[in-house]
Protein chains: 2
Amino acid sequence: MQLSNTSKYTIRILAYMVNHKDKPLISAKELSENLNIPYKFLTKIMTELVSVGFIESIRGREGGYKFLKKASEITVSDILTLFNDSIKDEACILGIDFCDAKHKCALHDKWIKSKVQLQKMFRESTIESIAGEGSKI
Amino acid sequence: MQLSNTSKYTIRILAYMVNHKDKPLISAKELSENLNIPYKFLTKIMTELVSVGFIESIRGREGGYKFLKKASEITVSDILTLFNDSIKDEACILGIDFCDAKHKCALHDKWIKSKVQLQKMFRESTIESIAGEGSKI
DNA sequence: TTTAATTACTACTCTAAGGTAGAATTAACT
DNA sequence: AGTTAATTCTACCTTAGAGTAGTAATTAAA
Ligand code: SF4
Ligand code: SF4
């Protein structure tokens, strides 16, 4: 009942990048050290983020990563979708999903409420909004 | 972002047993066939449920399982705890958990709200309440 | 007393996520 | 031109959850 490590890492990585957008480029080394994410695993994630166009990479010495898409236009929901980690609309808390309005278990309505609330939260939370002052990302 | 198969199976198994409490004993075979849960995997779960005292088993021919603890006293939360699948109080949506009231990300308050709501739902949902008429468990 | 039906036990296999290793590629700096 | 610091590629290892296989133990029915 939680997000995958990959998703959580990604959110923290992108939030960190927002918080350091004064720098033109941020290296994998810096991200790995400051966010305490295994270097090799982080670079694997970064390559994926580049390939889907969230960020851009500059190779070679003095290289690094920077946003390609605006942080205000990348939502947590986008990230969860990317790593197949989002709460699907048809997701049933019990994994049955052949119930209908007339035949539903006692968990159904409460679950739907929580589900909708979480989905809304993920959709409305941009990386830009997660980062910022108080945040201890 | 969902429950483990083991937890989901268990909820359905116990709900089925409530819905068939007219029978003195219910066999693994019946459960497996009616709930579409792999037989061998189901018996593994059953043994665990017996060992923690939720149900009782009668071995040998004509044997099977029956409740030891009352279904109205077994909550979904108990099941999630058993399979280490519950939402821990300290669980942070981003897996950081060194944030405090003054340093929190934009997801924090919304996440806490959903978390509390889910935890409450799990605690207040007994197997007895999940099963029953309309239910398509 | 044998047989059939049942749970329990032990020990595997399979899969996907998470993580690691090493070498290839790129490009700025000296 | 050579060195160095960076990303990228390919391939592997590890772990936990899910699921399977075979057999032993138990007990009622035949
Ligand atoms: S009624 Fe219960 S089992 Fe059916 S879809 Fe809703 S939550 Fe799932
Ligand atoms: S502030 Fe954000 S990152 Fe920190 S504990 Fe709360 S949800 Fe997690």
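Sequence lines set the chain letters: A, B, ... in the order given, protein chains first and strands last, and positions in each chain run from 1.
Regarding A:Leu49, its CG atom lies at a distance of 14 Å from the C1' atom of D:dT7, rounded to whole Å. For A:Leu25 and D:dA5, the CG to P distance is 17 Å, given to the nearest whole Å. Note: CG (B:Asn5) to C1' (D:dA16) measures 13 Å, nearest angstrom. Rounded to whole angstrom, the span from the CD atom of A:Gln2 across to the C1' atom of D:dA16 amounts to 14 Å. What separates NZ of B:Lys29 from C1' of C:dA4 is a distance of 12 Å, to the nearest Å. When the C1' atom of D:dA6 is taken as reference, atom CD of A:Glu56 falls 15 Å away, rounded to whole Å.
Under 4.0 angstrom from either OP1 or OP2 of C:dG19 there lies at least one side-chain N or O belonging to A:Tyr9. Between A:Thr47 and D:dT8, a side-chain N or O to OP1/OP2 separation shorter than 4.0 Å is present. Contact annotation: B:Ser27 does not reach the phosphate of C:dA5 (side-chain N/O to OP1 or OP2, under 4.0 Å). For the pair A:Tyr39 and C:dA21, the criterion of a side-chain N or O lying under 4.0 Å from OP1 or OP2 is not met.
Crowding of B:Lys113 atom NZ: a count of heavy atoms from other residues, nucleotides or ligands under 6.0 Å not exceeding 12.
Side-chain contact check for B:Thr10 and B:Ser7: no donor-acceptor pair (N or O, by modelled atom type) lies under 3.5 Å. A donor-acceptor pair shorter than 3.5 Å can be found between the side chains of A:Lys8 and A:Gln2. Side-chain contact check for A:Glu33 and A:Tyr39: no donor-acceptor pair (N or O, by modelled atom type) lies under 3.5 Å.
Between A:Ile58 and A:Pro38, it is A:Pro38 whose nearest contact on DNA chain C lies nearer the 5' terminus.
You won't find any donor-acceptor pair under 3.5 Å spanning the side chain of B:Arg59 and the base of D:dT27, going by distance alone. Side chain A:Lys44 to base C:dG18: no donor-acceptor pair is found below 3.5 Å.
Within the 4.0 angstrom heavy-atom criterion, no nucleotide atom of any strand lies near B:Phe83. A:Tyr65 comes within contact range of the sugar-phosphate backbone alone, with a heavy-atom separation under 4.0 Å but no base atom that close. Within 4.0 Å (heavy atoms only), B:Thr43 reaches no atom of the nucleic acid at all.
Hydrophobic clustering (side-chain heavy atoms under 4.5 Å, transitive across Ile, Leu, Val, Met, Phe, Trp, Tyr) keeps B:Ile58 apart from B:Ile45. In the hydrophobic clustering of ILVMFWY residues, with side-chain heavy atoms under 4.5 Å counting as a link, A:Met121 and B:Val116 come out together.
Taking the side chain of A:Lys40 as heavy atoms from C-beta on, and the options C:dT6, C:dA23, C:dA8, the nearest nucleotide is C:dA23.
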Protein-nucleotides 28-30 of chain D N/O pairs under 3.5 Å:
from, atom 1, to, atom 2, distance (Å)
D:dA28, O4', B:Arg61, O, 3.4

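Between A:Lys23 and A:Glu30 a salt bridge is recorded (basic side-chain N to carboxylate O distance below 4.0 Å).
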